[in-house]
Amino acid sequence: MLYRRLGKSGLKVSVLSLGSWVTFGTQVDTGLAVEAMAAAYEGGVNFFDNAEAYAGGESERIMGEAIKRLGWPRHSYVVSSKFFWGIHDGVNSKNTLNRKYLVEAVDASLERFGLDTLDVIYCHRPDPETPIEETVYALSEIIASHKAHYWGTSEWSAEEIRAAYEIAERHHLHKPVVEQPQYNMFHRDRVENEYARLYDDYSLGLTIWSPLASGLLSGKYLNGIPAGSRATLPGYSWLKDSLTDPVRNAKVAELAKIAEELSCSLSQLAIAWCAANPRVSSVITGASSVAQVTENLGSLEVLDKLDGKQLAAIDAILNA
Ligand code: NDP
C-alpha cells in the first residue's frame with residue numbers, strides 16, 4: 001500500500017480507501033462489512049469514509065460495530081464522516097452548516113460509531129445561508145474539543161474553499177486540509193481545472209469519490225443492467241441514464257483494450273488512473289462484495305505500470 005499525506009497535514013492515508021455510500025445498510029450488513037473492511041485493512045487500507053446521511057445513520061452504526069468486532073487498535077485506522085443533509089426534520093437540522101447543527105450532529109455521529117473522536121470530518125456540501133465564518137469557527141472548535149482531528153469540505157467551489165481557508169488563517173483557527181470531490185475518467189473538470197490554484201496556495205488534499213462512476217467504469221453496464229447492480233437498487237434509478245449512456249459505454253469498451261494491454265480489469269485501470277494524479281491523497285473506493293474489495297486493491301499494481309503513453313491513450317479515448 002502507498003500512503004499519502006492528507007494535504008498539508010501530517011496525517012497519512014492509504015492511497016486506496018473504502019467508503020460506505022449506497023452499500024452499508026443497503027447491500028452490506030454488519031457481517032459483510034466486517035469481511036469487507038478486514039480484507040481492505042489486510043491490504044493496507046487505513047482510511048474508511050462514511051457520512052451521517054448514509055442509510056439515515058445506519059452506515060455509521062454498522063461501521064462502528066464492525067470496527068468493534070474487528071478489534072482494531074484506534075491508532076491503526078482513520079475514520080471520517082460528513083455533515084450537511086441531516087437526519088432529523090427541522091429548519092435547523094437539514095441542509096445546513098450552522099453551528100448548532102454541526103455540534104449536535106458530530107456528537108450523535110460519535111455515539112453511532114461508538115467512538116470518542118472522528119479523524120476527519122467534512123462539510124458534505126456548501127451551505128449558502130450560513131456565513132462561512134460561523135461554519136469555520138464551529139469546525140475549529142469541534143477540533144479544539146478533540147471530537148475530531150481534521151476537517152475539510154466536500155463539493156465546495158474553489159471560491160468557497162479559499163474563503164474558508166482565509167477566515168481560518170485570519171483568526172488563527174484550524175484550517176480545512178482536504179476536499180472530497182467526485183473524480184473519475186468522466187468527471188475531471190473541478191479537480192483538474194477549478195481547484196488548480198488551491199494545490200499550490202494551500203496544499204489542498206483530495207479524497208476523491210466514485211472512482212468507477214458508480215460502477216460504469218467497471219464495464220458491468222456494457223451489455224445492459226446486470227441483476228443486483230447499483231442501477232437496480234430502489235432509490236437509485238436516477239443513476240440509470242448515466243450508467244447505461246451509450247456514448248460513455250462505447251468509451252469504456254475502448255478503455256478495455258488498454259486494460260487488456262496492462263493485464264488488469266477495467267475497474268483496476270479506472271482506480272489506478274485516479275491514484276496516478278499526485279493531487280489525490282486517497283481514492284475512496286466502494287464495494288458491494290469482498291471480491292470487489294480484493295479486485296480493487298489490485299489497482300496498486302496497475303499504478304506502477306501506468307506510464308505517460310497509456311495516460312495519453314486514455315485521454316485520447318475520453319476526449320474523442
Ligand atoms: P465507485 O464509483 O467506485 O462505485 C462503487 C460501486 O461500483 C460498488 O458499490 C459496486 O456496485 C461497483 N463496483 C465496485 N468495484 C467493482 C468491481 N471491481 N467490479 C464491478 N463492480 C464494482 O464508488 P462510490 O460511488 O461507491 O463512491 C465511493 C465512496 O466515495 C463512497 O462509499 C463514499 O464514501 C464516497 N462518496 C462521497 C460522496 C460525497 O458527496 N462526498 C458522494 C458519493 C460517494 P454494485 O456491485 O452494486 O454494482
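We count ligands from 1, going down the list as the structure has it; atoms in each ligand are counted the same way. Just so we're clear, the structure is a prediction, and the values are computed from it rather than from any experiment.
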Exercise for review: Could you see which bit of S20 sits under 4.0 Å from ligand 1, with heavy atoms only: side chain, backbone, both or neither?
Suggested key: backbone
Check your understanding: Using a heavy-atom cut-off of under 4.0 Å, does the side chain or the backbone of S267 touch ligand 1, or both, or neither?
Key -> side chain
Revision key, fill the gap. Counting heavy atoms under 4.0 Å, the part of R230 that contacts ligand 1 is both
Check your understanding: For ligand 1, does S229 get within less than 4.0 Å through its side chain, its backbone, both, or neither, judged by non-hydrogen atoms?
Key -> both
**Study point:** ring pair (Phe, Tyr, Trp, His ring centres under 6.0 Å) partner of F48, chosen from Y77, W72, W21, F24
**Key:** W72
Exercise for review: Could you tell me which atoms of ligand 1, counted from 1 in the order shown, lie closer than 4.0 angstrom to a heavy atom of H124?
Suggested key: 39 (C), 40 (O), 41 (N)
Check your understanding: If you measure from the Lys or Arg side-chain nitrogens to the Asp or Glu carboxylate oxygens, is any gap between D201 and R162 under 4.0 Å?
Key -> yes
Review point. Where on A213 is there a heavy atom closer than 4.0 Å to ligand 1, on the side chain, on the backbone, on both, or on neither?
Key: backbone
**Study point:** Worked verdict on K175 versus K8 for side-chain contact (heavy atoms from CB on, under 4.5 Å)
**Key:** CA-CA 10 Å; K175 299 180 187 90; K8 206 178 188 173; over 6 Å; no
Review point. Got a salt bridge between E155 and R190, using NZ or NE/NH1/NH2 to carboxylate O under 4.0 Å?
Key: yes
Review point. Is the charged tip of K12 near the ring of Y3: under 6.0 Å from the six-membered ring centre and within 45° of its axis?
Key: no
Point to revise | CG on L239 to CG on L233, rounded to 0.5 Å | key: 9.0 Å
**Study point:** Point-to-point distance, once rounded to the nearest 0.5 Å, from OG of S229 to CG of L216
**Key:** 11.5 Å
Check your understanding: Which part of P211 is near ligand 1, with near meaning a heavy atom under 4.0 Å away: side chain, backbone, both or neither?
Key -> both
Exercise for review: Would you indicate which of E155, K220, R125, K82 comes nearest to atom 40 (O) of ligand 1 when only heavy atoms are counted?
Suggested key: R125
Point to revise | Heteroatom proximity flag, N50 to ligand 1, N/O under 3.5 Å | key: no
Review point. So which bit of Y54 gets within less than 4.0 Å of ligand 1, heavy atoms only: side chain, backbone, both or neither?
Key: side chain
Revision key, fill the gap. shortest atom 10 (C) of ligand 1-to-protein heavy-atom contact is with Q292 OE1, 3.3 Å
Review point. In terms of side-chain geometry, is the basic nitrogen of K240 or D245 positioned less than 4.0 Å from the acidic oxygen of its partner?
Key: no
Practice item. Look at ligand 1 and say whether E295 reaches it with a heavy atom at a distance under 4.0 Å. Key: yes
**Study point:** Lys/Arg cation over aromatic Y183: R188, 6.0 Å, 45° cone
**Key:** no
Check your understanding: Which residue and non-hydrogen atom of the protein lie closest to atom 14 (C) of ligand 1, and at what distance in Å?
Key -> G286 O, 3.2 Å
**Study point:** Note: E166-R170 ion pair, threshold 4.0 Å (strictly below)
**Key:** no
Review point. For ligand 1, which part of T23 has a heavy atom less than 4.0 Å away: the side chain, the backbone, both, or neither?
Key: side chain
Study note, to complete from the structure: Short version for Q182: what comes under 4.0 Å of ligand 1, heavy atoms counted, is neither
Check your understanding: Evaluating non-hydrogen atoms only, which member of W209, Y122, Y221 is closest to atom 35 (C) of ligand 1?
Key -> W209
**Study point:** N296, portion touching ligand 1 at heavy-atom distance under 4.0 Å
**Key:** side chain
Point to revise | Heavy-atom nearest neighbour of atom 37 (C) of ligand 1 within options E179, Q180, Q27 | key: Q180
